[in-house]
Amino acid sequence: MGFGFWDYLTLGVYLAGIVLIGAWFSRRQSSTDEYFLGSRGFHWLPVALSMFASLFSASSYVAAPAEAFNHGMTLFLKSVA
């Protein structure tokens with residue numbers, strides 16, 4: 001079963017929307033400091049929470065249950081201890 005008309009239409013609308021949103025918000029930025037550092041205007045706590053949350057990627061939520069299913073919980077418990 002491949003992509004059909006509605007799949008391509010949804011993908012096209014999504015990609016066009018992402019490009020338009022990026023173009024709209026990029027007008028506010030005038031330097032690379034604003035893009036990469038947020039003009040150094042963020043408090044340390046949200047930055048720290050964001051960095052901590054990025055450690056738990058989607059692959060962690062997929063890979064850990066898959067490994068537990070394939071090898072059992074004993075492998076998981078041995079790697080933690």
Side-chain angles (χ1 to χ4, degrees):
M1 184 178 216
F3 259 40
F5 169 74
W6 293 108
D7 298 319
Y8 283 114
L9 180 66
T10 303
L11 181 63
V13 168
Y14 173 76
L15 292 176
I18 291 297
V19 169
L20 290 174
I21 289 171
W24 177 264
F25 284 107
S26 70
R27 297 181 315 152
R28 296 182 185 179
Q29 299 168 353
S30 60
S31 69
T32 55
D33 272 347
E34 287 185 14
Y35 180 77
F36 289 110
L37 303 173
S39 298
R40 298 186 187 268
F42 288 104
H43 190 258
W44 68 268
L45 184 61
V47 173
L49 291 174
S50 175
M51 291 174 64
F52 182 73
S54 67
L55 294 173
F56 300 104
S57 65
S59 63
S60 299
Y61 291 113
V62 174
E67 288 296 315
F69 178 78
N70 287 330
H71 302 289
M73 288 300 290
T74 56
L75 177 70
F76 176 72
L77 294 175
K78 287 180 186 177
S79 65
V80 172

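- For F52, the ring pair (Phe, Tyr, Trp, His ring centres under 6.0 Å) criterion is met by F56, not counting sequence neighbours.
- For F3, the ring pair (Phe, Tyr, Trp, His ring centres under 6.0 Å) partners at least two apart in sequence or on another chain are Y8.
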Could you pull out all donor-acceptor pairs under 3.5 Å where a side-chain atom in residues 15-28 meets a protein atom, sequence neighbours excluded?
{"residue": "S26", "atom": "OG", "partner": "G22", "partner atom": "O", "Å": "3.3"}
{"residue": "S26", "atom": "OG", "partner": "A23", "partner atom": "O", "Å": "2.9"}
{"residue": "R27", "atom": "NE", "partner": "W24", "partner atom": "O", "Å": "3.4"}

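- In this structure, V13 is a member of the same hydrophobic cluster as F5, with clusters built from ILVMFWY side-chain heavy atoms closer than 4.5 Å.
- Counting only distance, with no hydrogens or angles, the side chain of T10 and the backbone of W6 share a donor-acceptor pair below 3.5 Å.
- When all heavy atoms are compared, the tightest approach of F42 to L37 is CD1-O, 4.4 Å.
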